[in-house]
S.K.: 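Before we start, here is the structure in question, set down as structure tokens.
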Amino acid sequence: MITPEMTMTVDQTWTVYVRLWGRCEGCARRAEASTFVHYIEPEEVRVGEAGCFHPHDDEQGEPEIAIARFGCEHHDRSAPTKERQNGTRLTHNELLAELYNLAHQFGHYRSWRQGERTKEYEEAVVAFSKGLPLSEEQQKLILAEEERAWEFARLELGFLGFSEWARFDAAKMCGLDAYQQTFWPTAR
């Protein structure tokens with residue numbers, strides 16, 4: 001049993017990781033999607049991002065969560081693994097970072113499934129991805145979605161018995177701060 005302040009072992013972290021991946025895949029089955037969560041090479045996502053969620057609303061594609069990991073090009077990219085293609089294992093810190101990212105991206109999925117991502121938000125995130133200037137309202141919509149995804153991530157991880165909350169909170173603050181610095185660089 002993991003207590004609220006207890007540090008998790010690598011095995012405990014991996015168990016939560018696999019369970020969360022399974023929850024993501026379970027949602028995909030309910031949504032009748034084939035590949036929902038998978039690894040991608042870092043150059044396949046926006047610079048500075050560790051993964052992404054894409055609903056593919058306007059396309060024939062299915063929703064997906066992509067987790068960026070170096071050296072995954074020939075792995076079964078849709079099954080969780082602790083190893084890179086060259087056989088090296090992720091460190092515990094790398095595994096935790098990837099777990100936080102997976103939970104955060106699943107948080108975006110939950111926000112989307114619950115209809116909390118508005119048309120205005122979707123327009124703002126497309127403009128942001130293209131590097132277009134954003135209004136202050138668009139910036140606030142993006143930051144609100146990021147905060148919401150982190151809150152859903154916390155709920156999912158708590159449900160699965162996760163206990164590294166200080167480290168999770170640090171990752172959350174780092175992620176939110178990156179957006180705040182992008183939108184309001186002189187505010188701090």
S.K.: Side chain to side chain contact (heavy atoms under 4.5 Å, CB included), that's the test. Do E151 and K172 meet it? Break it down for me.
M.R.: CA-CA 9 Å; E151 289 308 311; K172 172 185 171 181; 2.6 Å; yes

S.K.: How long is the gap from CG on L102 to CG on L20, to the nearest 0.5 Å?
M.R.: 4.0 Å

S.K.: Looking at NE2 of H92 and CG of L96, how far apart are the two atoms once the value is rounded to the nearest 0.5 Å?
M.R.: 4.0 Å

S.K.: Rounded to the nearest 0.5 Å, what's the gap from OH on Y17 to OG1 on T81? Could you check?
M.R.: 8.5 Å

S.K.: Any side-chain donor-acceptor pair under 3.5 Å between R148 and S111?
M.R.: yes

S.K.: May I ask you to decide if the ring planes of Y179 and F183 are parallel, tilted or perpendicular, using 30° and 60° as cut-offs?
M.R.: tilted

S.K.: Assess the residue pair K130 and V126 against the criterion (side chain to side chain contact (heavy atoms under 4.5 Å, CB included)); give the C-alpha distance rounded to whole Å, side-chain angles, the decisive distance to 0.1 Å, and a yes or no.
M.R.: CA-CA 6 Å; K130 291 180 179 180; V126 166; 3.8 Å; yes

S.K.: Less than 4.5 Å apart, any side-chain heavy atom of E116 and any of F152?
M.R.: yes

S.K.: Compare every heavy atom of T118 with every heavy atom of L141, then report the nearest pair and how far apart it is.
M.R.: CD2-OG1, 4.5 Å

S.K.: Has the side chain of Q181 got a donor or acceptor atom that lies under 3.5 Å from a matching backbone atom of A178?
M.R.: no

S.K.: Evaluate the side-chain proximity of V37 to F106: yes if any heavy-atom separation is below 4.5 Å, no if none is.
M.R.: no

S.K.: Please give me the minimum heavy-atom distance between A153 and H104, naming the atom from each residue.
M.R.: CB-N, 3.7 Å

S.K.: Do the rings of W21 and Y39 sit parallel, tilted or perpendicular, given the 30° and 60° boundaries?
M.R.: tilted

S.K.: Taking atom CG of L160 and atom OG1 of T15, what is their separation to the nearest 0.5 Å?
M.R.: 10.5 Å

S.K.: Measuring from E64:CD to Y109:OH, what's the distance to the nearest 0.5 Å?
M.R.: 13.5 Å

S.K.: Fit a plane to each ring of H108 and F53, take the angle between them on a 0 to 90° scale, and name the class: parallel (under 30°), tilted (30 to 60°) or perpendicular (over 60°).
M.R.: parallel

S.K.: Please check if the side chain of E164 supplies one atom and the backbone of M8 the other of a donor-acceptor pair under 3.5 Å.
M.R.: yes

S.K.: Going by heavy atoms in the side chains, are L90 and E83 under 4.5 Å from each other?
M.R.: no

S.K.: Check the pair L143, Q180 against side chain to side chain contact (heavy atoms under 4.5 Å, CB included), reporting the backbone distance first and the verdict last.
M.R.: CA-CA 8 Å; L143 190 57; Q180 290 171 339; 3.7 Å; yes

S.K.: Work out which heavy atom in A50 is nearest to a heavy atom in N101; give both atom names and the distance.
M.R.: O-ND2, 2.6 Å

S.K.: Quick one: are V16 and Q12 in side-chain contact, heavy atoms under 4.5 Å?
M.R.: no

S.K.: Can you tell me how far apart CH2 (W14) and CG (L99) are? Round to the nearest 0.5 Å.
M.R.: 10.0 Å

S.K.: Answer with yes or no whether the hydrophobic clustering places F162 together with L155; edges join I, L, V, M, F, W, Y residues whose side-chain heavy atoms lie under 4.5 Å apart.
M.R.: no

S.K.: Which heavy atom in Y100 sits nearest to a heavy atom in A171, and how many Å separate them?
M.R.: CD1-CB, 3.6 Å

S.K.: For the pair R110 and E156, find out whether any cationic side-chain nitrogen is under 4.0 Å from an anionic carboxylate oxygen.
M.R.: yes

S.K.: Between A68 and P42, what is the shortest heavy-atom contact and its length?
M.R.: CB-CA, 3.9 Å

S.K.: Given side chain to side chain contact (heavy atoms under 4.5 Å, CB included), test I40 with I67 step by step and report yes or no.
M.R.: CA-CA 6 Å; I40 58 174; I67 304 300; over 6 Å; no

S.K.: Mark yes or no for whether R19, through its side chain, and L157, through its backbone, hold a donor-acceptor pair below 3.5 Å.
M.R.: no

S.K.: Closest heavy-atom contact between L134 and A124?
M.R.: CD2-O, 3.6 Å

S.K.: Would you mind telling me which of R117, E122, E123 makes a side chain to side chain contact (heavy atoms under 4.5 Å, CB included) with K119?
M.R.: E123

